[in-house]
Structures are given as C-alpha cells and as structure tokens.
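These numbers were taken from a predicted model, which means no experiment stands behind them.
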Amino acid sequence: MQLDLPFVGPPEAEAAASPPPPESGPVVFVRVRRARRYILRVRPDGTLRVTVPRGGSRREAQAFVEQHRTWVERERRRVQDQHAPAEWRHGSDVLLDGVPVRVQVRRPVSPLLIQYGGRLVTARGGESVRAAIERDLRELATLTLVPRLRALAASHGLTVGRVSIRDQRSRWGSCAGNGNIALNFRLVQMPPSIRDYVLLHELMHLRQQNHSRRFWRLVEAACPSFREAERWLRTAGRALF
C-alpha cells in the first residue's frame, strides 16, 4: 500500500491499478463508500484516480473513463504544466527538516558549487541548481531515512524487508506485501514529526495491507497526532514538488 499525494484517509480502499491504453497514463480505482457518483482526478504524476461510489462497478467506472477520455488527456496536460518543478537559484529558499534554508551558489561557473543549510554540493555534468540539490537530498535520505525506519520498526516489533529511496511524484511511501518499503527522498525536507508519521504509516501496512478501519486504529496507536501530520502533508507538503 502507499501513502499518496494528497493523503488518502479512511475509509477508502484503493484497488490495483488498471492497465491503461498505451497512449495514456496509469489509472487507479478507489472505492469510497460515502461517494454518490463517479469522480475523476488526475494526480501530479499523471495517474488518473477514479472514485467508485457504493454500488458502482469496475465496468461502469471504466466506461465512465472512456466517456471522458478527452477531458482526462486535457487535464493530464494541464496538471503536468502546473506541477512542473520550479527552478532553484541563488537566493531561493528550500525546506530541510522542515526549516527554510537559503540556497547560495558559491561558484557561479561550471561546475557550480552550491551551499544550502550547511550542506555543500558540486553540480555534475551541467546539472541545474535544483537537480544538484535534489541529488544531495536523495543521498541524505539514504543515510538518514533507512536507519530511522528500521529503528521505528524494531520499537514496534516489526521486521522490514528491503528499503529503497525513490523520486516519487504522487506518493510519500509504499509498502509491498513482501515487507519491502519505498520512501520518497523528499521526506528529509519535512519536520521530523511529519516524517516519522509517514514512516509509521508504511510500517503499519506490515500488519494490515489496506486502509481499513483496523489499519487506522493501528496508525493512531502508533502516532496519536497523525491527523495533524495529514494536514501538513495536504498543504505544506505540496510545496516540496
């Protein structure tokens, strides 16, 4: 299971992605008991999220998608333009551990020498300022997120499989049925308490591989302030992209 952008809270249950036509992006069907109609939403990574109401069917949902194919492709183009990453340059502010830090280009000629929040990074092969910093953030994530996840797992009596750090555009993390967990490198930019919530969310999927009420009870027991963390992810979290 995965923690999506924006956060998908209870009591929704997300189905497996539907194989999309070759010319379009992925489609995910989400059954929502309180929904009264089919709803389409395009995520920042181009995935089409289809809300299926109580009493609805996969066949009807697929037909609904086909009926609105023109709108879906137009919306995908709009979302792609809207979510194109903003360039970072000398004087830009970026988040690190939830605190804004100033980007300073110490050497403005190639290769660029960039400092941010006490960290120094050299651009490689004509990298932009943002690309160089995000590469460094990914390395930082590998050094910090993996041991933190395993420490939290041990404190809850859980065993984690392989842990990978990824550049994900529509989710903060995911947990596979075999115990492997993937984490978005941008977690290192969040306040530590929000970051820990995402890690605990994925760890609780080791006990419950869905977003059922039982799962949310596990989450609340592990992280009583999870609702505040959700709000941060829905609002401030968007700025990390």
Side-chain angles (χ1 to χ4, degrees), residues 1-15 28-37 39-45 47 49-54 79 83 94-100 137 141 144-146 148-158 160 163 165-166 168-177 179 181-241:
M1 298 300 293
Q2 66 264 354
L3 186 56
D4 289 332
L5 273 173
F7 178 79
V8 179
E12 301 178 1
E14 184 160 317
V28 174
F29 295 90
V30 183
R31 186 172 296 279
V32 182
R33 288 188 294 273
R34 65 179 179 274
R36 298 183 178 180
R37 56 191 175 88
I39 301 172
L40 304 179
R41 180 173 68 81
V42 176
R43 293 171 172 167
D45 69 340
T47 298
R49 181 180 186 272
V50 185
T51 297
V52 182
R54 172 180 284 187
V79 169
H83 290 276
V94 301
L95 281 185
L96 185 61
D97 286 328
V99 178
L137 288 171
T144 59
L145 295 182
V146 176
R148 179 58 178 164
L149 179 71
R150 295 197 182 279
L152 287 172
S155 69
H156 288 273
L158 297 168
V160 178
V163 182
I165 303 299
R166 299 180 182 176
Q168 299 165 308
R169 302 296 300 179
S170 66
R171 62 187 63 172
W172 297 118
S174 61
C175 178
I181 291 179
L183 300 172
N184 193 316
F185 79 84
R186 296 174 181 85
L187 295 179
V188 297
Q189 296 184 257
M190 300 176 179
S193 61
I194 309 298
R195 180 164 62 235
D196 277 356
Y197 163 64
V198 175
L199 301 183
L200 287 166
H201 180 110
E202 298 309 331
L203 287 173
M204 292 305 106
H205 278 309
L206 295 174
R207 290 180 172 157
Q208 188 73 28
Q209 273 284 323
N210 53 44
H211 285 112
S212 64
R213 287 184 173 85
R214 180 176 182 272
F215 170 79
W216 291 110
R217 287 195 294 268
L218 292 170
V219 169
E220 186 167 20
C223 183
S225 61
F226 82 96
R227 290 181 178 83
E228 289 77 8
E230 290 176 29
R231 283 193 287 272
W232 193 97
L233 293 172
R234 285 196 300 267
T235 54
R238 292 179 179 273
L240 300 185
F241 293 87

Show, in sequence, the C-alpha distance, side-chain angles and deciding distance for R49 and L40, and conclude whether the side chain to side chain contact (heavy atoms under 4.5 Å, CB included) test is met. CA-CA 6 Å; R49 181 180 186 272; L40 304 179; over 6 Å; no
Using side chain to side chain contact (heavy atoms under 4.5 Å, CB included), reason through R37 and T51 one step at a time and then give a plain yes or no. CA-CA 8 Å; R37 56 191 175 88; T51 297; over 6 Å; no
Stepwise side chain to side chain contact (heavy atoms under 4.5 Å, CB included) test for V52 and V30: CA-CA 6 Å; V52 182; V30 183; over 6 Å; no
Go through the steps for M190 and L233 under the test side chain to side chain contact (heavy atoms under 4.5 Å, CB included), then give the verdict. CA-CA 9 Å; M190 300 176 179; L233 293 172; 3.5 Å; yes
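Nearest heavy atoms, A153 versus V160: CB-CG2, 3.5 Å. Shown here for E230 and Y197, the closest heavy-atom pair between the two residues is CG-OH, 4.0 Å. Considering every non-hydrogen atom in both V188 and A141, the closest pair reads CG1-CA, 3.5 Å. Closest approach of P53 to R36, counting heavy atoms only: CB-C, 3.9 Å. The shortest non-hydrogen separation linking S174 to Q168 is OG-NE2, 4.2 Å.
Looking only at distances, a side-chain donor or acceptor of R195 sits under 3.5 Å from a matching main-chain atom of L187. A donor-acceptor pair is defined here as one N or O able to donate and one able to accept, closer than 3.5 Å; such a pair exists between the side chain of N210 and the backbone of S212. The backbone N or O of L96 sits nowhere less than 3.5 Å from a side-chain atom of Q189 that would complete a donor-acceptor pair.
Between H211 and W216, the ring planes are parallel. Angles under 30° get that label, and only those over 60° would be called perpendicular.
In the displayed structure, R166 atom CZ is contacted under 6.0 Å by at most 12 heavy atoms of other residues, nucleotides or ligands. More than 12 heavy atoms of other residues, nucleotides or ligands lie within 6.0 Å of CZ in R207, so this atom counts as buried by the packing criterion.
Rounding to the nearest 0.5 Å places CZ of R150 at 8.5 Å from CD1 of I181. For the atom pair CZ (F185) and CD1 (I165), the distance works out to 10.5 Å, reported to the nearest 0.5 Å. Note that CD of Q208 is 9.0 Å distant from CZ of R217, once rounded to the nearest 0.5 Å. Taken to the nearest 0.5 Å, the CZ atom of R31 stands 10.5 Å off from the CZ atom of F29. Atoms CG and CG, from L152 and L200 in turn, are 5.0 Å apart once rounded to the nearest 0.5 Å. Taken from OG1 in T47 to CZ in R41, the straight-line distance is 10.0 Å, to the nearest 0.5 Å.
Not counting sequence neighbours, the partners of R186 by the side-chain hydrogen bond (donor to acceptor under 3.5 Å, both in side chains) test are D167, N184.
Two residues are said to be in side-chain contact when any heavy atoms from C-beta on lie closer than 4.5 Å; L183 and V163 meet this criterion. A heavy-atom distance below 4.5 Å is not found between the side chains of I194 and W172.
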What side-chain donor-acceptor pairs closer than 3.5 Å can you find for residues 218-229, not counting sequence neighbours?
from, atom 1, to, atom 2, distance (Å)
E220, OE2, R227, NH1, 3.3

